[in-house]
Asks: 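Before I ask anything, here is the structure I am working with.
Bear in mind that the values here come from a model prediction, so they are computed numbers and not experimental data.
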Amino acid sequence: MSVGSEQAGRPAHPGPARSGPGLPASARQREVLLDAMAARPGSAPHVEQLHWRWYGPLDTRRFLAAWQSVYDREAVLRAAFAPYGARGGPRVVVHRRVVPQLVRHPYGSADRQTLLAGERRRAFDPTRPGLLRIALLDERPGPAGPKRVILTYHHAMLDGRSVRLLVRAFVRAYLAEGASAGGERRPDVRDHLRWLAGQDRGPARAFWSRAAPPAGSATLPPGGGGVAGVRTTVRLAPYEASLLRDWTAAQGVTESTALHAAWALQLRRAVPEGGPVPVAFETAVSGRGIPLEGASRLPGPLRNPLPMTVEVDPEGLFAGLLADLADRAFDLSAYEWVSAGQVRAWSGRTPDGPSAETLLSFDPPPSADTDPLDEDLAAQGLRLTGPETVNASGGHALSLTAHHDREGGLVLTGVQDRTRRADAREAVHRTAGLLRQFPTTDRRLTTVAETLRLLGPWPPPRQPPPGAAEPAGLVVLRRAARPGAGTVVLVPPPGGPAGRVTAPDRIQGWDGQLAVLDGPLDAAGCVAALRPVLAAGEPLVLGCHEPGAGLAHETARRVAAFGWPEPVVAVAADTESLSRALAAAVR
């Protein structure tokens with residue numbers, strides 16, 4: 001809380017207030033939690049924001065009462081992950097009563113950008129309900145001055161569409177003096193989890209075993225040397241966006257397909273060799289195109305990144321590339337409920353890390369109709385500006401989001417995240433340039449090679465950044481003799497190589513997997529390397545010599561804090577003693 005701010009409302013204690021044993025978290029939720037668990041302090045993966053300006057008087061008591069009515073009605077706002085991990089990983093529990101968190105910052109105590117950044121960096125505790133925070137910033141002095149409303153939320157429980165649904169419910173409740181409007185029963189996050197658990201995975205497994213990106217796909221655009229975390233925004237003017245929309249309609253595709261094509265061309269351009277090359281990226285789907293009644297109005301973590309791959313042949317027709325991309329988008333729409341981690345597992349790939357290094361999102365355009373809530377707000381002397389989104393980073397090297405603003409422009413926002421091998425600024429500007437140039441011809445008889453020339457001279461081969469270090473990894477010393485036997489992982493001292501932990505030859509009476517962590521390590525690095533084991537839900541024991549005890553215990557605590565069972569830690573002074581301690585631990 002900033003100096004001079006005031007806080008209203010405290011979250012209910014999650015322990016005795018929760019109801020029932022909960023439900024297993026979805027595959028997508030588990031992957032988001034694994035990303036968050038392995039994150040460096042302050043990096044805030046999967047933390048997104050929605051903010052807007054509030055003109056007119058704001059009654060804090062009424063404001064809180066309106067949000068309380070939404071919390072009381074929406075199970076997802078009372079949901080959290082069970083604080084004590086069970087075999088198999090995190091479980092979602094819904095608490096009976098949660099009080100919304102609200103912090104109000106008076107005029108002069110903070111500026112908007114600093115407050116937005118500070119709210120993103122504040123860590124969420126996934127075991128406490130209400131993974132949505134509310135902040136108010138007085139942007140002018142006096143009770144009638146405009147305010148900035150900031151909602152910060154975590155993808156483990158909410159997505160952008162969910163929060164927009166919740167905001168509308170809040171506005172209706174505020175207009176009704178803080179009372180909920182009620183309404184018919186519709187699905188909530190628990191219904192979605194039950195629906196997921198009941199799906200036949202056979203057809204999805206068969207589809208994704210064929211459709212997953214092949215080995216050797218191009219996954220990053222050319223360029224490099226950008227600064228991680230930097231956001232770049234480029235806007236196509238309304239007339240440019242209108243030309244693009246008319247052109248895509250004439251080609252028989254959507255604007256999102258044009259965006260996919262512009263990106264696929266850049267990925268192909270990163271490979272200097274001639275001939276066809278497979279390219280792969282992830283595209284965000286709403287997750288609501290599923291046969292669950294009321295899914296379109298369900299607040300929850302349904303938005304999902306799925307891999308898309310296409311072969312880009314410079315000698316082929318550009319119209320053929322557009323058609324291929326449209327067909328692939330249609331095919332994957334049947335499996336919006338599948339997570340990216342499941343796709344990797346079903347394709348035989350490791351469950352760790354994204355299957356493609358970039359993510360594309362195309363948000364639906366705002367409604368052109370006048371919102372009836374605007375008239376109701378005006379009748380009470382209030383006006384709210386259109387909400388703006390600060391997109392979350394999600395572990396990709398580069399993510400690009402496109403959306404239409406209220407004036408009809410098309411806004412492209414790129415975020416460079418976990419690696420310096422991509423350059424968001426260059427990629428976003430080149431994408432915008434292609435989208436502006438696509439409508440200059442119908443391109444039905446234009447080749448891919450001719451369209452690639454719009455990007456300028458072919459770039460030099462990508463070079464790794466100077467001083468780049470390989471991340472810590474999990475080195476398997478012995479495979480498990482049977483499924484479910486568990487894994488023992490040896491942890492070196494902080495910053496020390498794996499060789500400083502001598503592996504025991506065998507652990508008496510145990511036939512599970514034996515592995516060692518290798519590379520420069522801290523707790524975040526340990527957790528990142530352990531992701532394959534945690535994703536598989538296997539029992540886990542950490543073993544170390546005494547200098548590594550602090551790191552091993554810190555790693556175990558971090559794992560437990562995100563809903564997994566806390567690993568047993570075995571510590572000893574030498575190899576023989578470590579063998580005995582591990583034998584006792586696995587028993």
Side-chain angles (χ1 to χ4, degrees), residues 26-29 31-32 155 159-162 164-165 187 191-193 195-214 217 245 248-249 251-264 267 278-312 319-347 354-356 358-365 391 394 396 399-404:
S26 70
R28 169 64 178 159
Q29 286 178 309
E31 289 157 26
V32 169
H155 281 171
D159 59 21
R161 185 164 177 176
S162 299
R164 289 174 184 266
L165 290 169
D191 298 293
H192 182 240
L193 291 174
W195 183 89
L196 287 173
Q199 295 313 295
D200 178 5
R201 299 181 181 182
R205 184 190 298 269
F207 171 79
W208 284 113
S209 65
R210 303 186 308 270
S217 297
R245 186 163 52 250
T248 55
Q251 310 300 309
V253 298
T254 64
E255 292 170 276
S256 62
T257 300
L259 179 68
H260 294 164
W263 202 252
L267 297 180
V279 305
F281 54 90
E282 289 189 345
T283 180
V285 296
S286 73
R288 291 171 169 81
I290 57 176
L292 172 64
E293 186 177 356
S296 63
R297 297 175 290 120
L298 193 162
L302 279 71
R303 190 172 186 265
N304 198 21
L306 287 177
M308 181 180 289
T309 184
V310 68
E311 190 172 79
V312 182
L321 175 62
L322 286 174
D324 286 348
L325 287 164
D327 289 345
R328 280 156 178 72
F330 178 79
D331 289 342
L332 66 83
S333 67
Y335 301 103
E336 290 191 3
W337 52 274
V338 173
S339 76
Q342 288 174 314
V343 172
R344 288 189 289 278
W346 294 341
S347 64
S355 60
T358 58
L359 172 68
L360 301 186
S361 309
F362 203 113
D363 295 338
N391 298 108
H396 295 83
S399 59
L400 176 66
T401 301
H403 76 275
H404 289 279

Asks: For residues 200-209, tabulate all N or O donor-acceptor pairs below 3.5 Å that involve a side-chain atom, not counting sequence neighbours.
Replies:
unit_1, atom_1, unit_2, atom_2, d
Asp200, OD1, Gly202, N, 3.0
Ser209, OG, Arg205, O, 3.3
Ser209, OG, Ala206, O, 2.8

Asks: With sequence neighbours excluded, what pairs up with His192 under the ring pair (Phe, Tyr, Trp, His ring centres under 6.0 Å) test?
Replies: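 Expected list: none.
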
Asks: Residues in side-chain hydrogen bond (donor to acceptor under 3.5 Å, both in side chains) with Arg288, at least two apart?
Replies: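 Arg288 satisfies side-chain hydrogen bond (donor to acceptor under 3.5 Å, both in side chains) with Asp159, Ser162 only.
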
Asks: Would you say the ring centers of His260 and Phe362 fall short of 6.0 Å from each other?
Replies: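 That pair fails the under 6.0 Å test.
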
Asks: Please identify each residue that fulfils side-chain hydrogen bond (donor to acceptor under 3.5 Å, both in side chains) with Arg164, with sequence neighbours left out.
Replies: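 Here the qualifying residues are Thr389.
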
Asks: Could I get the full list of side-chain hydrogen bond (donor to acceptor under 3.5 Å, both in side chains) partners for Trp263, not counting sequence neighbours?
Replies: Thr358

Asks: Do you know the tightest heavy-atom contact between Pro307 and Leu332?
Replies: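 For Pro307 versus Leu332, the nearest heavy atoms are O-CD2, 3.9 Å.
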
Asks: Locate the shortest heavy-atom distance separating Pro301 from His155; write the atom from each residue and the value.
Replies: CB-O, 3.4 Å

Asks: side-chain hydrogen bond (donor to acceptor under 3.5 Å, both in side chains): which pairs involve residues 302-312, sequence neighbours left out?
Replies: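 For residues 302-312: Arg303-Ser361.
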
Asks: Output all residues satisfying side-chain contact (heavy atoms from CB on, under 4.5 Å) with Ala326, sequence neighbours left out; order by chain, then residue number.
Replies: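 side-chain contact (heavy atoms from CB on, under 4.5 Å) check on Ala326 returns Val253, Thr257.
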
Asks: Could you list the residues that satisfy side-chain contact (heavy atoms from CB on, under 4.5 Å) with Gln199, not counting sequence neighbours?
Replies: Trp195, Trp337

Asks: For Ala329, enumerate each residue passing the side-chain contact (heavy atoms from CB on, under 4.5 Å) test, keeping only those at least two apart in sequence or located in another chain.
Replies: Met308

Asks: Which heavy-atom pair separates Ala261 from Leu322 by the least distance, and what is that distance?
Replies: CB-CD2, 3.7 Å

Asks: According to side-chain hydrogen bond (donor to acceptor under 3.5 Å, both in side chains), who are the partners of Ser217, at least two apart in sequence or on a separate chain?
Replies: none

Asks: Do Arg161 and Ser296 make a side-chain contact, defined as non-hydrogen atoms from C-beta onward lying under 4.5 Å apart?
Replies: yes

Asks: Verify, without hydrogens or angle tests, whether Glu336 (side chain) and Val285 (backbone) share a donor-acceptor contact under 3.5 angstrom.
Replies: no

